[in-house]
Amino acid sequence: MLTSILFLSAIISTAWGCPKHDNYQSHPHLGRRQVRIDVGREPKDWNYDVSADWATIKPEYHLCQSGTHQSPINIAVKELAQHHRPNFEGYKSVSLPGNFFNSQFAPAFTFHHPEHDLNSLPHFTFDDEEVFLIGWHIHAPSEHLIDGRRSRAEIHMVHVTEEDEEAAVIGIRVGVAPPGTPTESAFIKQLGPLIHYNDTSQIEGLQVNVRLAIEEVGGLEEFWTYKGSLTTPPCSEGLRWFVPKQELLVSEAQMVEILAASRFSHRVTQEVWLHDINL
Ligand SMILES: *[C@@H]1O[C@H](CO)[C@@H](O)[C@H](O)[C@H]1NC(C)=O
Ligand SMILES: [Zn+2]
C-alpha cells in the first residue's frame, strides 16, 4: 500500500513536471507520424500565486526556501562570462521529432528518444561535461532579469547528463523586434499554432530544429553563467545556467500568440548568494 502511494506520487510529481519532463515517448503504434492526442494532465500541487512560499507545500520542496543558489535571479553584472563557454557542435541543424504540448502554464516540447539512450538528442559541451537537450518550455513573463529589466517571455532549454540528471539550462529571453525591423523568429514559426494552457492534448511527432534558437541569439557568443536551481518545485540545485545576452526576437504577432497561449508563470526573483555569477 505504502509503496503504491509512493509510486503514484512519483508519477504525479514528474508527469508534466517543469522543467523536467518524462513524456518523451510517442505512442509506438503510431510511429513517427504527426498526430494530436488528448493525454489529459495531472493537477500540480503548486502554482505561481504563492511562489514565495512553495516550501510550505510539502517537505520535499524545502530547497525552494532554504537553498543557497536558487533561480531565477536578477543579473546585475555588466561583464559577460569568460569561463564555462559552451560548444554547440552537437546541436545539428536538423529537425527532430517530439511531443508539443502545454505545461498548464505555457507551451512546452520534449524530444522523443529511446529509454535510457540520450545519444540521438542535441547536445553541447562546457568545461568537461556533455549535456543532452531533453526539451524546452516557455515562461511568461521572463524569469530572469537583466539589470532589473524583465523580458516578455523566456525559453528554458533543459539539459541532462548521460545519467539523466538535470545539469544545465539555457534561459533565452524573448522580446519583440523593434518597430521598423519586422523580424519573425524561424524557431517559433516552425511550431505552427501554439497549444493553449487550457488544451490538454499534445501533438506527437512534431519536428523541431532547436539549432535555430541558438542561432537567433548569436550562437551564445555573449552570455552570463551561474550556479542555480530548477525554477519550479522541488527547486533542486547544482545546475549551471547560461543566459545569452541577446534576446530571441519575434514579431509582434508571434509575441501576442506566445502570451495568449501562456499563463503568468515566473517565480519570484531569488536573492543572489552562492551563485558565482560568471566565476
Ligand atoms: C480555461 O479553462 C477555465 C476552466 O475551465 C475557464 O474558466 C476559462 O475560461 C478558460 N480560459 C480560456 C481563455 O479559455
Ligand atoms: Zn523553466
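All values derive from a computational prediction rather than experimental measurement. Sequential numbering from 1 along the given sequence is applied to the chain's residues. First listed ligand is number 1; within each ligand, the first listed atom is number 1.
- L212 and L121 fall within the same hydrophobic cluster, defined by Ile, Leu, Val, Met, Phe, Trp and Tyr side-chain heavy atoms under 4.5 Å apart, directly or through other members.
- Around atom CD of E252, no more than 12 heavy atoms belonging to other residues, nucleotides or ligands sit under 6.0 Å away.
- Taking a distance limit of 4.0 Å, we find that atom 10 (C) of ligand 1 is approached by some protein heavy atom.
- Protein heavy atoms come within 4.0 Å of atom 2 (O) of ligand 1.
- Within the 4.0 angstrom cut-off, atom 7 (O) of ligand 1 has no protein heavy-atom neighbours.
- Atoms of ligand 1 lying under 4.0 Å from at least one heavy atom of H196, given by number and element, are 12 (C), 13 (C), 14 (O).
- What sits closest to atom 5 (O) of ligand 1 on the protein, heavy atoms only, is N198 ND2, 4.7 Å.
- A heavy-atom distance below 4.5 Å is found between the side chains of I73 and H275.
- Counting just the N/O/S atoms of H137, the one with the shortest distance to the Zn ion (ligand 2) is named NE2.
- No other N/O/S atom of H156 lies as close to the Zn ion (ligand 2) as ND1 does.
- Heavy-atom contacts of Y197 reach the following atoms of ligand 1: 11 (N), 13 (C) (cutoff under 4.0 Å).
- Although no hydrogens or angles enter the test, the distance criterion places no donor-acceptor pair under 3.5 Å between the side chain of H139 and the main chain of P141.
- Within the 3.5 Å criterion, the main-chain N or O of P72 finds no donor-acceptor partner in the side chain of W241.
- Y61 and L63 are assigned to two separate hydrophobic clusters, defined by single-linkage of ILVMFWY side chains at heavy-atom distances under 4.5 Å.
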